[in-house]
Amino acid sequence: ISSQIELHKLYGGVVPEIASRKHVEKVNFVVREALKEAGETLDSIDAIAVTYGPGLVGALLVGVAEAKALAFAKNKPLVGVHHIEGHICANYIEHPDLEPPFLCLVVSGGHTHLVDVKDYGKYEIIGCTRDAAGEAFDKVARAIGLGYPGGPKIEALAREGNKDAIAFPRAKVSDSKMDFSFSGLKSSVLNYLNKCEMKGEEVNRADIAASFQKAVVDVLVEHTMQAAADFGMKKVAIAGGVASNGALRTAMEKACTERGYKFYRPSPIFCTDNAAMIGVAAYYEYIRGTRHSWDLNAVPNLKLGER
Ligand code: KG4
Ligand code: ZN
């Protein structure tokens, strides 16, 4: 992983132009390092995998162009992968016993999806949000002056706060069974901050962080458990950047144990964006016969399960 977080911190979020320029600068170095660490060469590997969507088109294009160039030059098969499929497949890395079908909650910066993993490479989205959980963490972090990236900073501050201090709203499962939103929660945190400011009251940022995190975790766990019950799934996994959140992992594990479900989650390093998960997703796609041709393009709004 070559992280750009330090660069984007300066601007309080990802700047697309900087992201793609840095991708161009780093991509060859990263490929070389990965091969070196694995003790492989471009000749000894079986295929080239790449994420081609969804995401920022400038960043995706760099990866797609690199992968096509390498695959063409070395005459290797090219396997394009959906970014969210990669997040889901991160669960296979450390859980060789995990096999589809299972339910996966994908919580990342741009997506919150409840996915029915029917088989390798076969997915059905059974619930999603327009405003992702990760984005809610980032927005609230900015509002209380924690900066970017918000998730880990909220989690750290929340440890010093009282999660029952402020009653932030939960989007109820009954409101809309599978599609849920964090917009009400985000506004509620902003309103709370405004009210305190108008009254000249000092805010306890740790309590806000803890209460907000609790509200997000409650909603995610409740919706996931409801989906598991509705679809009769006994195996539940989580994935994506927010899945590295300790409070979410603990609450989900507890809820699963209570119901007799088996719970799976990748180590935090495999939750955040990484290439290993794309390689694993591509491995299963490769076995299923998925091959892409030289006209593969970046698809910023690629749907899960499309090829
Ligand atoms: O999956 P990811 O690395 O990138 C995307 O594909 O979006 O997810 C990044 C998101 C960010 O919004 C970040 O704030 C959030 O994951 N995140 C966390 C934590 N670590 C990262 N959110 C809550 N708690 C964390 N510990
Ligand atoms: Zn991601």
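Whatever order the structure lists them in is the order used to number ligands and atoms, beginning at 1.
Selection from D273, V107, I84, I5 by nearest heavy atom to atom 4 (O) of ligand 1 gives D273. Evaluated by nearest non-hydrogen atom to atom 15 (C) of ligand 1, the leading choice among V216, I154, V242 is V242. When A158, C271, G109, P268 are checked for heavy-atom proximity to atom 8 (O) of ligand 1, G109 turns out nearest.
Checked against the 6.0 Å centroid threshold, Y11 and Y148 do not count as a close aromatic pair. Ring to ring, Y92 and Y283 are not that close: their centroids are 6.0 angstrom or more apart. A ring-centre distance under 6.0 Å is not found for H82 and Y123.
The one candidate from T41, V30, I45 that meets the side chain to side chain contact (heavy atoms under 4.5 Å, CB included) condition with L35 is I45.
Those atoms of ligand 1 with a heavy atom of T272 less than 4.0 angstrom away are 3 (O). Shown in contact with D138 at under 4.0 Å from a heavy atom are these atoms of ligand 1, numbered in order with element: 11 (C), 12 (O), 13 (C), 14 (O). Ligand 1 places these atoms under 4.0 Å from at least one heavy atom of G110: 7 (O). Against a heavy-atom cut-off of under 4.0 Å, G134 is close to the following atoms of ligand 1: 12 (O). Interface atoms of ligand 1 facing H87, defined by a heavy-atom separation under 4.0 Å, are 1 (O), 6 (O).
Without hydrogens or angle criteria, H23 side chain to V62 main chain gives no donor-acceptor distance under 3.5 Å.
Both Y261 and V221 belong to a common hydrophobic cluster when Ile, Leu, Val, Met, Phe, Trp and Tyr are linked at side-chain heavy-atom distances under 4.5 angstrom.
For ligand 1, the polar-atom distance check finds an N/O of G151 within less than 3.5 Å of one of the ligand's N/O atoms. At least one N or O atom of G241, backbone or side chain, sits closer than 3.5 Å to an N or O atom of ligand 1.
Rounded to 10°, the angle formed at the Zn ion (ligand 2) by D273 OD1 and H83 NE2 is 100°.
Here H87 reaches the Zn ion (ligand 2): one of its N/O/S atoms is less than 2.8 Å from the metal.
Under the 4.0 Å criterion applied to side-chain N and carboxylate O atoms, K214 and D218 are assigned as salt-bridge partners. Using a 4.0 Å cut-off between a side-chain N of Lys or Arg and a carboxylate O of Asp or Glu, E258 and K254 qualify as a salt bridge. The residues K76 and D46 are annotated as not salt-bridged, no charged nitrogen and carboxylate oxygen being separated by less than 4.0 angstrom. Residues K139 and E135 are paired through a salt bridge, judged by an N-O separation under 4.0 Å between the basic side chain and the carboxylate.
In terms of protein heavy-atom proximity, atom 26 (N) of ligand 1 is nearest to E155 OE1, 2.7 Å. Here the protein heavy atom with the shortest distance to atom 6 (O) of ligand 1 is H83 NE2, 3.0 Å. When hydrogens are left out, the protein atom nearest atom 24 (N) of ligand 1 is N245 ND2, 3.0 Å; that is the closest non-hydrogen contact.
Neither the backbone nor the side chain of H111 comes within 4.0 Å of ligand 1, counting heavy atoms alone.
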